[in-house]
Number of protein chains: 2
Amino acid sequence: MIDDENLESTEAEARAVESRAEAFIGVREARRSEVAEDYVELIAELIHENGEARPVDISARMGVTAPTVAKTLGRLARDGLITRAKYRSVFLTEEGRALAKECRHRHEIVLRFLLSLGLDPETAERDAEGIEHHVSERTLALFAAFAQRS
Amino acid sequence: MIDDENLESTEAEARAVESRAEAFIGVREARRSEVAEDYVELIAELIHENGEARPVDISARMGVTAPTVAKTLGRLARDGLITRAKYRSVFLTEEGRALAKECRHRHEIVLRFLLSLGLDPETAERDAEGIEHHVSERTLALFAAFAQRS
DNA sequence: GATGATTATTAGCCTATGCTAACTTTTTGC
DNA sequence: GCAAAAAGTTAGCATAGGCTAATAATCATC
C-alpha cells in the first residue's frame, strides 16, 4: 500500500463513497414514508374540519382518483395508522395521530421558515409540501430559530 | 345559494381544495424525476473525476445493487439522457449534461444555504440531497441571496 | 494467451403508486 | 320508500425502482 494516490484506493475515498451512499439511502427511506405522511396529515386535517375523513375528500385534496385512495388507505390500515370500515369514513389510530401531529409540526416550521425568507404564500405552501419530508431534526431546529427571530 | 357557510360549498373552498391538489400533484411530478436527476448528477461527477462513469461506481455511490443500476440506466437511455454500449461505461447526452448542470447548480445553492444557516457539513449534504428536488426557482433565488449575504 | 477476479447483464421476483372500467353500497330528493 | 346520484370498492393493468440468482463479458496477471 505505497501508492495512496491510486484512483479509489484511499481510505478517505472509501469513506466518502460510503457516506454518499448513506445519504442516498436516507433519501430513499424518507421517500418511502412520504405518501403515508401526506395522507395521515390530510386525514387529521379533515377530521379536525369536518369530524371525519371521507375518501372522496382525500381524493379531491390529494389530486388522485378514488381507487388510488382506496389502495393507499389499505396500506395505512395494514400499517396500523388508520382504522376503517367498508363504505365508511376513515379515522386515525393513536399511532396515526402521533404521526400526523409530528408531520403537522414539521410542515408548520418549514412553511413559516419559507415565509420568513420572504417567499409568497402560494409557493411557500407548495415547496413546504415537498421539503418537509427531507429536513433533519437539526435543520428543522435551525429553521424554527430563524423564523422566530425574523 | 344562500347558505354560504355550508361545508364544502363555497367557491373559496373549491379553489383551496384544487390548489392543495395541485401542490401534491407537483410534488409527485418532482418525485418522478428525482432518481433520474440523482443519477445524471452522479454520472457527471464521475466523468469529471475519472473520465468515465462505470456502473460499479454508480452502484457504490448510490448504495444500490448493480442490477438496479442497470435497470435505471436503461430508463435514462430510453429518455435520452445517457448513451451506453454493452459492458461499457456510461456517458451523458447533450440533454443529460444540461440536466446535470442544472442539478449541480441547484445542489450547490441548497448546500451553501444550509451551511450558511450554520448546519454541519455532514447533515447539510444529506438534507441537500433530499431538498434539492423540491425547491422552486423562487425559493432557490432566496436561498442563493441569503447564502450570499451571509 | 489461459484463467481467475471483476464487472455487467438478464431473468424473475416484489412492493408502491398511479390509472380505468365495472360493480356495489349509501345517500338524497322527490 | 324508491330511483337517481354520489361515494366506495374491486379487478386488472402499467411503471418505477428495489432485490437475488444465474450468466456473460472484460480485465489483469502470470
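Computed over heavy atoms, backbone and side chain alike; hydrogens, waters and symmetry mates excluded.
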**Shortest side-chain distance from B/Lys71, nucleotide among C/dT9, C/dG12, D/dT9** = C/dG12
**Asked** Out of C/dA8, D/dT10, C/dG18, which has the shortest distance to the side chain of A/Tyr39?
**Response** C/dG18
**Complete:** Assign each of A/Pro67 and A/Ala36 the nucleotide of DNA chain C bearing its closest heavy atom; nearer the 5' end lies the nucleotide of A/Ala36
**Asked** Checking side chain to side chain contact (heavy atoms under 4.5 Å, CB included) for the pair A/Val64/B/Ile25: CA distance, chi angles, key distance, verdict?
**Response** CA-CA 8 Å; A/Val64 297; B/Ile25 289 167; over 6 Å; no
**For atom CD1 of A/Ile58 and atom C1' of D/dG8, their distance in whole Å** = 12 Å
**Item:** Between P of C/dT7 and CG of B/Asp57, the distance in whole Å
**Value:** 8 Å
**Complete:** When rounded to whole Å, the CZ to C1' distance for the pair A/Arg32 and D/dA16 reads 15 Å
**Prompt:** Does a salt bridge link A/Glu18 with A/Arg15, judged by any charged N lying under 4.0 Å from a carboxylate O?
**Reply:** no
**Fill in**
Assert: residue with more 5' nearest nucleotide on DNA chain C, out of A/Met62 and B/Val56, is B/Val56
**Asked** Any salt bridge between A/Arg61 and B/Glu13, counting N to O under 4.0 Å?
**Response** yes
**Message:** Please tell me if B/Thr68 has a side-chain N or O lying less than 4.0 Å from either OP1 or OP2 of D/dG17.
**Reply:** no
**Message:** I'd like to know if the side chain of A/His107 pairs up with that of A/Glu125 as donor and acceptor (distance under 3.5 Å, no hydrogens or angles considered).
**Reply:** yes
**Prompt:** Which residues within residues 75-93 of chain B lie with some heavy atom under 4.0 Å of an atom in DNA chain D?
**Reply:** B/Arg75, B/Arg78, B/Tyr87, B/Arg88
**Prompt:** Of all the nucleotides listed (D/dA7, C/dT9, D/dT9), which has the minimum atom distance to the side chain of B/Pro55?
**Reply:** C/dT9
Pairs of donor and acceptor atoms involving the side chains of residues 34-48 of chain A, under 3.5 Å and at least two apart or interchain, shall be tabulated with distances.
| from | atom 1 | to | atom 2 | distance (Å) |
| --- | --- | --- | --- | --- |
| A/Glu34 | OE1 | B/Arg31 | NH1 | 2.0 |
| A/Glu34 | OE2 | A/His134 | NE2 | 3.0 |
| A/Glu37 | OE1 | A/His133 | ND1 | 2.9 |
| A/Asp38 | OD1 | A/His133 | NE2 | 2.9 |
| A/Glu45 | OE1 | B/Arg20 | NH2 | 2.9 |
| A/Glu45 | OE2 | B/Arg20 | NH2 | 2.5 |

**Prompt:** Between B/Arg31 (CZ) and C/dT17 (P), how many Å, whole number?
**Reply:** 8 Å
**Item:** Flag if over 12 foreign heavy atoms under 6.0 Å of CZ, B/Arg138
**Value:** no
**Prompt:** So, is B/Arg28 close to the C/dT17 phosphate, meaning a side-chain N or O under 4.0 Å from OP1 or OP2?
**Reply:** no
**Asked** Nearest-Å distance, CG (A/Asn50) to P (D/dA7)?
**Response** 13 Å
**Fill in**
Considering only heavy side-chain atoms of B/Val35, the closest of D/dT9, D/dG18, D/dA7 is D/dG18
**CD/B/Gln148: more than 12 non-hydrogen atoms of other groups inside 6.0 Å** = no
**Message:** Without decimals, in angstroms, what is the distance between A/Leu73 CG and D/dT10 C1'?
**Reply:** 14 Å
**Complete:** Atom CG of B/Leu46 and atom P of C/dT7 are separated, to the nearest Å, by 14 Å
**Fill in**
Picking from C/dC19, C/dA8, D/dA7, the nucleotide nearest the side-chain atoms of A/Thr65 would be C/dC19
**Asked** How long is the line joining CZ of A/Arg54 and P of C/dT27, in whole Å?
**Response** 10 Å
